[in-house]
Amino acid sequence: MRPFATVVTALCGLVLSSSAIVSADASSTSSKTLLPADFKPPQVFKNVNLVRNTNLEKGYARETVNVVVENVDKQPQSDYYLSFPSDTFDRVGGLEVRNKKEAEKGRFDVEAVEVDLARDVQYFVVHLPEPLAPSSQVTLGISYSLLNSLHPRPATIEQSDRQYLTYSFSAYVPSAYQTVTQKAKLKFPGTNVPDYTTTDLKSGQDPERQGSTYTYGPYNTADVAPGTSYPITVRYEFTKPVVTASLLERDLEVSHWGGNLATEERYWLHNNGSKLSNHFSRVDWTVANYQQSPSSAIRELRYPLKPGSVDPYFIDDIGNVSTSRYRPGLATREANLDFKPRFPIFGGWNYSFRIGWNNELSSFLRRAVSGADSYVLKVPFLEGPKMAEGVQYEKVVVRVILPEGARNVRYQTVEGPLSNGLPGASQIQSSLSTHKTFMDTLGRTTLTLTVESLTDEARDSQLVITYDHSLWDALRKPVAFTAGLLSVFAATWAIANIDVSIKKR
Ligand SMILES: *[C@@H]1O[C@H](CO)[C@@H](O)[C@H](O)[C@H]1NC(C)=O
Ligand SMILES: *[C@@H]1O[C@H](CO)[C@@H](O)[C@H](O)[C@H]1NC(C)=O
Ligand SMILES: *[C@@H]1O[C@H](CO)[C@@H](O)[C@H](O)[C@H]1NC(C)=O
């Protein structure tokens, strides 16, 4: 079939050569400001009060920092530097900064700044929308996840053992500025916290414990030099898998003709939990499973799908996996795909698979009010399993494959009063290309968005894409197909009419 298609496409290329050219030049965005190696943020701010909340209930750490910032300079200032230790910087996911008191006004522009890689501190720069006047204050609400920040200790356990994770951080926030008072609050998944650092940085007990919440500080750190570190390590029970997708490729394919939105996702999963010290025992596993005991292995992935999702499939390296259960939702209720990998995935093990399904396009696409040939597509940026232990994604590549001839492609992510789990636009790389499939003449316009370091916090984030697509674009494929067939018929007819018989002269 392929050679035939190529011939047809080639023939039609001639027929259609006068049509408009798709603006499919690969544009690419990514911003990183370069700073000199000896760069130090100007000391124009001080942190009057800082509270850091660290949530350890999932397989990664999620932090929200609320900090009252004061301009201590004589000039208005608008660039606040947010520093992270170099070994943490690339693992910061879904960073978002807002004015805590006006959260509904949206996020601030945040840019990654590149200084000499050998340095032990790296920065993001937060651009305040309005410069802060001298002696004025603003309360920043900063939220992000720290991927790969939890380590199993012991690193190997027996199959039915409980699993423990460690988390290390500094009691003093690694800020670029002087911080007058600060504290760090940790929320554990439970009350089983066998080991934690105690300090004498303040009078009385440090940390203070209340159920599964431990509070370090408040400390008076006005005289502590910015960037001073005071290491703390905690170790707590987490008998759940530490689910990591080293890569997720997610394709959304829009078909105007079929009225269909096809989604396919390819996962490369890894469990970062404790490894097994002995061989896997199927018998013990069956017993544990029967008793519903908690386990550090991935035994099932629960995947809610949008209402109206149909034809789900789940295929791994070996083939079709039949141990999945699909509960279709009603018209408005979420559907659920619960799928069991072929074997439980213990710490250190990998599992790759792909899943896919279809939806009615009409639930996601509408014509823009502005023009008859403009469309607005609203789709989830990320879906993925929804589980108490969470999922961390080292890299996510979302490809939206639009109809052939789609032009003027623009995208944005939907922002609400709360964090959507995605980083700002400057941390999302985008490119436009064409993707040729069967019978395409020009190739289908494809928007590719790449984000490094993301978590399931971004599960409900929405992506809005607008594009133009005219009737002629819509007809191109059938016209191409018909023209192709006609030329084949004509050729067949011509060949049939060539008289190849050997005639008597
Ligand atoms: C977790 O697994 C991923 C994928 O194999 C790896 O890149 C990462 O470094 C691991 N994290 C830790 C903390 O070991
Ligand atoms: C895969 O399994 C599903 C049931 O889970 C079945 O309906 C489908 O036909 C199978 N597909 C293939 C290609 O075997
Ligand atoms: C798991 O996958 C990662 C890459 O994602 C690879 O580096 C590693 O070797 C794999 N581990 C095993 C045990 O196959």
Side-chain angles (χ1 to χ4, degrees), residues 54-63 84-94 117 122 144-157 159 161 163-170 186 188-189 195 231-250 265-281 285 295-299 301 315-318 321 341-355 382 384-385 387-398 423 450-458:
T54 306
N55 189 308
L56 298 173
E57 290 173 300
K58 292 186 175 182
Y60 52 87
R62 173 115 188 126
E63 299 207 313
F84 285 94
S86 297
D87 60 345
T88 310
F89 191 75
D90 286 335
R91 298 188 279 113
V92 174
L117 289 176
Q122 302 286 335
Y144 51 89
S145 304
L146 293 172
L147 279 78
N148 290 322
S149 50
L150 310 174
H151 300 271
R153 291 287 177 278
T156 60
I157 57 174
Q159 196 171 316
D161 282 352
Q163 175 180 267
Y164 293 87
L165 299 181
T166 61
Y167 176 63
S168 299
F169 63 103
S170 168
L186 297 168
F188 292 104
D195 300 300
I232 306 275
T233 297
V234 293
R235 179 170 164 271
Y236 57 95
E237 182 184 340
F238 187 85
T239 310
K240 287 184 193 139
V242 181
V243 187
T244 307
S246 42
L247 176 64
L248 162 62
E249 290 176 351
R250 174 171 154 82
E265 299 189 325
R266 295 172 293 277
Y267 287 86
W268 283 263
L269 281 194
H270 181 76
N271 183 352
N272 285 78
S274 299
K275 296 180 176 154
L276 286 183
S277 52
N278 290 320
H279 283 294
F280 169 60
S281 153
W285 176 252
S295 169
S296 54
I298 305 172
R299 58 159 71 113
L301 295 160
I315 298 170
D316 68 6
D317 294 344
I318 300 173
V321 186
R342 257 171 229 282
F343 47 86
I345 304 147
F346 283 93
W349 294 9
N350 287 341
Y351 190 62
S352 38
F353 60 90
R354 74 197 145 93
I355 66 169
L382 183 76
M387 297 177 299
E389 58 266 40
V391 182
Q392 51 182 351
Y393 298 87
E394 293 186 318
K395 185 172 181 179
V396 176
V397 181
V398 179
T450 306
V451 183
E452 310 226 347
S453 299
L454 208 59
T455 67
D456 60 340
E457 294 286 324

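Order of listing sets the numbers, starting from 1, for every ligand and every atom in it. For the numbers below, each heavy atom of this structure counts, side chains included, while hydrogens, waters and symmetry mates do not. Sequence positions, counted from 1, serve as the residue numbers for this chain.
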Counting only heavy atoms closer than 4.0 Å, does ligand 1 sit against the backbone of Asn148, its side chain, both, or neither?
both
Go through ligand 1 atom by atom and flag the ones less than 4.0 Å from a non-hydrogen atom of His151.
13 (C)
Which is it for Lys58 and Glu457 under the salt bridge (Lys or Arg N to Asp or Glu O under 4.0 Å) test, yes or no, and what are the steps along the way?
CA-CA 11 Å; Lys58 292 186 175 182; Glu457 294 286 324; 3.6 Å; yes
In the protein, which heavy atom is nearest to atom 2 (O) of ligand 3, and how far is it?
Asn350 ND2, 2.4 Å
Between Asp90 and Gln122, is any side-chain donor less than 3.5 angstrom from a side-chain acceptor?
no
If you compare Lys395, Glu394, Arg91, Gln392 by their heavy atoms, the one closest to atom 6 (C) of ligand 1 turns out to be Glu394
Between the side chains of Arg266 and Glu249, is the shortest nitrogen-to-carboxylate-oxygen separation below 4.0 Å, so that they form an ion pair?
yes
Any idea which of Asn272, Leu247, Leu147 brings a heavy atom closest to atom 10 (C) of ligand 1?
Asn272
Taking only non-hydrogen atoms of Ser246 and a 4.0 Å limit, the atoms of ligand 3 in range are 5 (O)
Within the structure, does Thr244 bring an N/O atom to less than 3.5 angstrom of an N/O atom in ligand 1?
no
Is it true that the side chains of Asp456 and Tyr60 contain a donor and an acceptor less than 3.5 Å apart?
yes
Quiz item: cation-pi between Arg235 and Tyr164, 6.0 Å / 45°:
yes
Show me which atoms of ligand 3 lie under 4.0 Å from any heavy atom of Gly348.
13 (C)
Could you tell me whether Arg354 and Asp316 have a side-chain N and a carboxylate O separated by less than 4.0 Å?
no
